[in-house]
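Values below: every heavy atom of this structure, side chains too, minus hydrogens, waters and symmetry copies.
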Amino acid sequence: PTCIPEFEVRQVVIEFNQLGGDCTAAGDSNGDGTVNVMDVVGTVAFILGNGSLTDAGQCNADSNADGTLNVLDVVLTVNVILGNSRSADATNIEINKFANEVTFDANGYVGGIQMTLVHSDDFSIELTKDALVADYNTDGNTTTLIVVAPVAELFTAEGNFTIDEVIAATTDGYVNVEINTPSEYSISAAYPNPFNPTTNLTLDLNVDANVNIKVFNLMGQLVEVLVDEQMSAGSYPVVWNANSVPSGMYFVKTEAGSITNVQKIMLL
C-alpha cells in the first residue's frame with residue numbers, strides 16, 4: 001500500500017507580562033510619586049527578604065535596569081535623593097574583621113555595603129546606627145546585611161562568624177573589596193603585667209583553628225579556661241579577671257592548632 005504522511009499542526013500562544021510598565025520612576029519603589037528615604041528602606045527590606053514590593057515597585061527599584069536588585073540599586077537611589085554634593089567616590093575598600101566587630105577603610109565615599117555572613121548558632125548582631133539605612137536578615141546560619149552610606153563601623157557581633165561575600169558600591173558602580181585578616185598567628189604579651197585584677201591579651205589568627213587558652217598556677221594546677229573553641233581567622237581580645245584567685249605567679253598557655261605558647265604573668 002502507498003504510505004501517506006500525516007501532518008499535525010498545533011497553535012501555540014505565549015503570553016508575555018511586562019513588569020512595572022515603563023519603569024519611568026527610577027528609585028520610587030513604593031510608588032508614591034516621590035523618591036526619598038522610604039524608597040531606600042523599602043528596597044533594602046525587599047532585597048533582604050524582610051519586605052515586599054509590587055511589580056512596578058521592583059521595576060522602579062532596579063535603578064540601573066540590569067534585572068537584579070542589590071546594593072548598587074540602593075546606592076543609585078540615594079544619589080537621586082542626595083545628589084553629588086559630597087566627597088569623591090571610593091575606588092577601593094578594605095574590610096577589617098575583628099573578634100566581635102567589623103569596620104572598613106576606604107579612599108573615598110562608600111554608597112553602600114552588602115555582606116553575607118556564615119556563623120554559629122549562638123550568633124547575634126547589632127548594626128551600626130551611624131548610617132542612612134542599616135538592615136539585616138538571618139536564615140539559619142547565614143545572615144545577609146546591607147548598610148547604606150556607612151561611616152566606619154559596620155556592625156558588632158557575638159559568636160563565631162566568617163565573611164562569605166561582600167558587595168560594595170558607589171554611584172560609579174561596584175568597588176573592589178579586600179578583607180583584612182592577620183598575616184600570621186600571634187599572641188601578644190599580657191598587658192598590664194604585673195596586673196590587678198585584670199590583664200589582656202590579643203590573639204591573631206591567619207587561619208581558622210581550634211584555640212585553647214588556659215591559666216595555670218605554679219603547681220601546674222588549672223586555674224581557669226579563657227578560651228576553648230573553634231575560631232575563625234581574625235583578631236580577638238582575651239581578658240582574664242583574676243579577682244577570685246590569690247596574688248602570685250601564673251602561666252598562660254595558648255594552643256592554636258599545632259602552635260603552643262606559654263607566658264608568665266604576675267598578679268599583685
Side-chain angles (χ1 to χ4, degrees), residues 37 40-41 43-45 47-50 63-64 68-79 81-120 123-138 141-184 186 188 202-208 231-237:
V37 71
V40 177
V41 172
T43 302
V44 168
I47 294 171
L48 296 175
N50 294 332
S63 298
N64 61 358
T68 302
L69 281 178
N70 61 22
V71 68
L72 179 55
D73 299 293
V74 176
V75 171
L76 294 175
T77 300
V78 171
N79 190 61
I81 300 169
L82 300 180
N84 291 316
S85 56
R86 48 176 168 70
S87 59
D89 287 337
T91 57
N92 188 70
I93 298 173
E94 294 182 352
I95 303 294
N96 307 306
K97 179 183 180 297
F98 302 102
N100 58 354
E101 182 183 29
V102 172
T103 65
F104 76 95
D105 295 311
N107 60 353
Y109 172 79
V110 178
I113 295 176
Q114 180 175 330
M115 186 179 297
T116 301
L117 311 175
V118 178
H119 50 73
S120 56
F123 177 82
S124 62
I125 187 171
E126 183 175 349
L127 298 181
T128 178
K129 294 179 173 57
D130 197 5
L132 181 64
V133 176
D135 198 4
Y136 74 93
N137 181 45
T138 297
N141 295 102
T142 301
T143 293
T144 303
L145 62 95
I146 294 178
V147 182
V148 182
V151 175
E153 180 188 287
L154 295 175
F155 64 87
T156 57
E158 296 292 335
N160 248 349
F161 68 94
T162 57
I163 300 175
D164 186 56
E165 182 182 28
V166 181
I167 303 173
T170 68
T171 54
D172 287 336
Y174 298 109
V175 184
N176 179 56
V177 177
E178 297 178 4
I179 300 177
N180 287 332
T181 56
S183 59
E184 60 183 12
S186 68
S188 72
T202 299
L203 173 67
D204 290 332
L205 295 176
N206 59 331
V207 295
D208 297 353
M231 303 177 75
S232 56
S235 297
Y236 299 85

Non-neighbouring partners of A106 that pass side-chain contact (heavy atoms from CB on, under 4.5 Å), sequence neighbours left out: A90, I93, F104, V110
side-chain contact (heavy atoms from CB on, under 4.5 Å) involving S186 - partner list, sequence neighbours excluded: D204
Side-chain heavy atoms of V40 within contact of V74, under 4.5 Å: yes
S232 versus K97, closest heavy-atom pair with distance: OG-NZ, 3.4 Å
Chi angles and distances behind the side-chain contact (heavy atoms from CB on, under 4.5 Å) call for V177, I113: CA-CA 10 Å; V177 177; I113 295 176; over 6 Å; no
All side-chain contact (heavy atoms from CB on, under 4.5 Å) counterparts of V75, not counting sequence neighbours: V71, A169, T171
Separation between CG of N92 and CG of D105, rounded to the nearest 0.5 Å: 10.0 Å
Neighbour count >12 (heavy atoms, 6.0 Å) for atom CD, E94: yes
For the student: nearest non-hydrogen atoms of D135 and A45, plus distance: OD2-CA, 4.3 Å
Heavy-atom pair with the smallest gap, counting every atom of G111 and P150: O-CD, 4.2 Å
Nearest-0.5 Å distance, CD1 of residue I146 to CE of residue M115: 11.5 Å
Heavy-atom closest contact (T170 atom, Y109 atom, distance): CG2-O, 3.3 Å
Nearest-0.5 Å distance, CG of residue L72 to CG of residue N64: 5.0 Å
Residues in side-chain contact (heavy atoms from CB on, under 4.5 Å) contact with T103, at least two apart in sequence or another chain: N96, F98, E101, E153
For A157 against F123, the heavy-atom pair lying closest together: CB-CE1, 3.5 Å
Candidate pair I163 and L117, rule side-chain contact (heavy atoms from CB on, under 4.5 Å), full reasoning: CA-CA 5 Å; I163 300 175; L117 311 175; 3.9 Å; yes
Distance in Å, N79 CG paired with D172 CG, rounded so as to fall on 0.5 Å steps: 9.5 Å
Beyond-backbone contact of T128 with V151, side-chain heavy atoms, under 4.5 angstrom: no
Under 3.5 Å donor-acceptor, N50 side chain and Y136 backbone: yes
Separation of N100 CG from S235 OG (nearest 0.5 Å): 11.0 Å
Within-4.5 Å side-chain heavy-atom neighbours: L154 and I95: yes
Minimal non-hydrogen separation, L127 against A134, with atom names: CD1-C, 3.6 Å
Pairing residues for D89 by the salt bridge (Lys or Arg N to Asp or Glu O under 4.0 Å) criterion, not counting sequence neighbours: R86
Main-chain N/O of S63 paired to D73 side chain as donor or acceptor, under 3.5 Å: yes
Selection residues 110-120 - residue pairs positive for side chain to side chain donor-acceptor pair (under 3.5 Å), sequence neighbours left out: H119-T143, S120-D122
Interatomic spacing from OG1 in T162 to CD1 in I179 - rounded to 0.5 Å: 9.5 Å
Donor-acceptor contact present, side-chain N107 to main-chain T91, <3.5 Å: yes
